[in-house]
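What follows is one structure encoded as C-alpha cells, with my remarks underneath.
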Amino acid sequence: MRIATYNINGVKARIETVLAWLDDSAPDVALLQEIKSVDEAFPRAPFEERGYNVETHGQKGFNGVAILSKRPLEDVTRGLPGDAGDEQARWIEATVMGARAVRICGLYLPNGNPAPGPKYDYKLAWMTRLEARAKTLLASEEPVVLAGDYNVIPQDEDAARPEAWASDALALPQTRAAFRRIVNLGYTEAFRARVQGPGHYSFWDYQAGAWSRNDGIRIDHLLLSPQAADLMTECRIEAEQRGREKPSDHVPVWVTLDA
DNA sequence: ATGGCGACACAATGTCGA
C-alpha cells in the first residue's frame with residue numbers, strides 16, 4: 001500500500017497538476033491538504049473516474065483536507081477531537097481496508113505565525129489535541145499513519161537556511177518540543193527512519209527563486225505507529241514534482257507499507 | 001528584517017500562507 005501526503009495549495013487551481021500526478025505516480029492512498037474548497041464544490045468526478053474513493057472535509061476559502069483511496073474506506077471521521085468550537089477544517093480519518101487494515105489520519109497543522117500571538121497559541125493548542133488523539137490511536141495497537149503538512153521543521157538540518165527560521169512558528173523550540181512529544185509517544189517519523197542528513201525538503205516558497213536555489217524546508221511528515229512502522233518498506237520525497245507545470249509549493253511525501 | 005509569489009474572496013484590494 002503506497003500512501004502519499006500532498007499539500008496541493010487549492011484543488012481548483014491545482015486540479016490539472018494533481019490529476020497528472022495521480023496518473024504518473026498512482027498512489028493507493030493520497031492525503032491532500034489545503035483543498036481550499038467546500039465539500040459540495042470539490043471536483044470528485046475526475047478522481048472517481050481514476051478509481052479513487054473520495055472523502056473530503058473542507059471549508060470556504062482556506063484549509064481543507066481530503067482522502068483519495070483506491071481501496072475501500074471505512075469509519076470516516078472529520079475534525080480533530082478536543083475542541084468542539086474549532087471550525088477550521090484540518091483533520092480527517094479513515095480506515096483503509098486491505099491485507100492489513102490501516103487507520104489513516106490526514107492533517108493540516110496550523111502555521112502559527114506570527115509568534116508569539118493568538119495564532120501561535122492556536123497552533124500549540126492544536127498540537128496538544130493532536131498528541132491526545134495520537135495517544136488514543138496508539139492504544140489500538142493497530143497500524144496507524146498520521147500524515148500531512150505539520151508546519152514543523154523538526155531540526156535545523158531540515159532547512160536550507162535554519163537561521164532564517166529560528167524565530168518562526170515552524171521552528172521555535174516550543175514547536176519542536178510539541179512535535180517530539182508526539183513522536184516520543186512511540187511513533188516513527190518515516191522519512192528520518194530511512195534517510196539521514198541535510199538537503200531533504202518538502203516545501204519551497206514561490207518567492208525569490210527558492211526552488212531553483214534549493215532553499216527549502218521539510219515540513220510534510222508521516223508518523224507511523226509501531227505496527228505501521230513494522231510494515232514500512234519505502235519512504236521518499238517526490239521533490240521533482242516541484243519543477244513541474246503549475247506546481248504547488250509543497251511536494252508529495254510517500255511511504256510504502258506491506259499491507 | 002521582510003515577504004519579492006500565489007490562491008482566494010470579492011470585485012480593488014485585503015487576507016493568508018510559510
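A note on names: the letters A, B, ... follow the listed sequences, proteins ahead of strands, and every chain is numbered from 1. Computed over heavy atoms, backbone and side chain alike; hydrogens, waters and symmetry mates excluded.
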Exercise for the section: Name the nucleic acid region contacted by Lys246(A), choosing base, sugar-phosphate or nothing; use a 4.0 angstrom heavy-atom cut-off, strictly under. Expected result: sugar-phosphate

Handout entry: P spacing across the pair dA11(B) / dT15(B), given as an integer number of angstrom
Key = 14 Å

Exercise for the section: Could you check whether Asn9(A) gets within reach of a base, just the sugar-phosphate, or nothing at all, counting any heavy atom under 4.0 Å? Expected result: sugar-phosphate

Problem - Euclidean distance, atom CD of residue Glu163(A) to atom C1' of dA18(B) [Å, nearest integer] - result: 16 Å

Exercise for the section: From the options dA18(B), dC5(B), dA9(B), select the nucleotide whose nearest atom is closest to the side chain of Tyr206(A). Expected result: dC5(B)

Exercise for the section: Between Lys60(A) and Arg14(A), name the one whose nearest nucleotide on DNA chain B is closer to the 5' end. Expected result: Arg14(A)

Exercise for the section: In whole angstrom, give the distance that lies between atom CZ of Arg90(A) and atom P of dG17(B). Expected result: 7 Å

Exercise for the section: Ignoring backbone atoms, test whether His250(A) places a side-chain nitrogen or oxygen under 4.0 Å from the OP1 or OP2 oxygen of dA18(B). Expected result: yes

Completion exercise
Here the distance between atom P of dG6(B) and atom CD of Glu245(A), to the nearest Å, is 12 Å

Practice task
Could you state the atom-to-atom distance from CH2 of Trp165(A) to P of dG3(B) in whole Å?
Solution key: 14 Å

Practice task
Please measure how far the P atom in dA1(B) lies from the corresponding atom in dC16(B), and state the result in whole Å.
Solution key: 23 Å

Exercise for the section: Would you classify Ala13(A) as touching base, sugar-phosphate or nothing, given that sugar-phosphate means primed atoms plus P, OP1 and OP2, and contacts are heavy atoms under 4.0 Å? Expected result: sugar-phosphate

Practice task
Return yes if a side-chain donor-acceptor contact under 3.5 Å exists between Asp86(A) and Tyr122(A), otherwise no.
Solution key: yes

Exercise for the section: Quote, to the nearest angstrom, the P distance that separates dG6(B) from dT2(B). Expected result: 22 Å

Practice task
State plainly whether the residues Arg133(A) and Glu93(A) are in salt-bridge range, i.e. N to O under 4.0 Å.
Solution key: yes

Handout entry: Distance-only donor-acceptor test (3.5 Å): side chain Asp168(A), base dA18(B)
Key = no

Handout entry: Sugar-phosphate, base or nothing in reach of Asp215(A), heavy atoms under 4.0 Å
Key = nothing

Problem - Distance-only donor-acceptor check, side chains Trp204(A) and Asn214(A), under 3.5 Å - result: yes

Practice task
Kindly indicate whether the side chain of Ile104(A), heavy atoms from C-beta on, has any atom under 4.5 Å from the side chain of Leu31(A).
Solution key: yes

Handout entry: Ile219(A) side chain, from C-beta outward: closest of dG4(B), dC16(B), dA18(B)
Key = dA18(B)

Completion exercise
To the nearest angstrom, the NZ-P distance between Lys36(A) and dA9(B) comes to 9 Å

Problem - Nearest-neighbour nucleotide for the Gln207(A) side chain, dC16(B), dG17(B), dC5(B) considered - result: dC5(B)

Problem - Touch class at under 4.0 angstrom, heavy-atom based, for Asn7(A) against every strand present - result: sugar-phosphate

Handout entry: Value in whole Å for how far the P atom of dG17(B) lies from CG of Asn151(A)
Key = 9 Å

Exercise for the section: Mind checking Tyr108(A) for me? I need base, sugar-phosphate or nothing, with any heavy atom below 4.0 Å counting as a touch. Expected result: sugar-phosphate

Exercise for the section: Could you tell me whether Glu49(A) and Arg44(A) make a salt bridge, using a distance below 4.0 angstrom between a side-chain N and a carboxylate O? Expected result: no

Fill in the blank from the handout: Rounded to whole Å, CG of Asp205(A) lies from P of dT2(B) at a distance of 16 Å

Practice task
For the pair Glu189(A) and Arg218(A), find out whether any cationic side-chain nitrogen is under 4.0 Å from an anionic carboxylate oxygen.
Solution key: yes

Fill in the blank from the handout: Atom CZ of Arg213(A) and atom P of dC5(B) are separated, to the nearest Å, by 13 Å

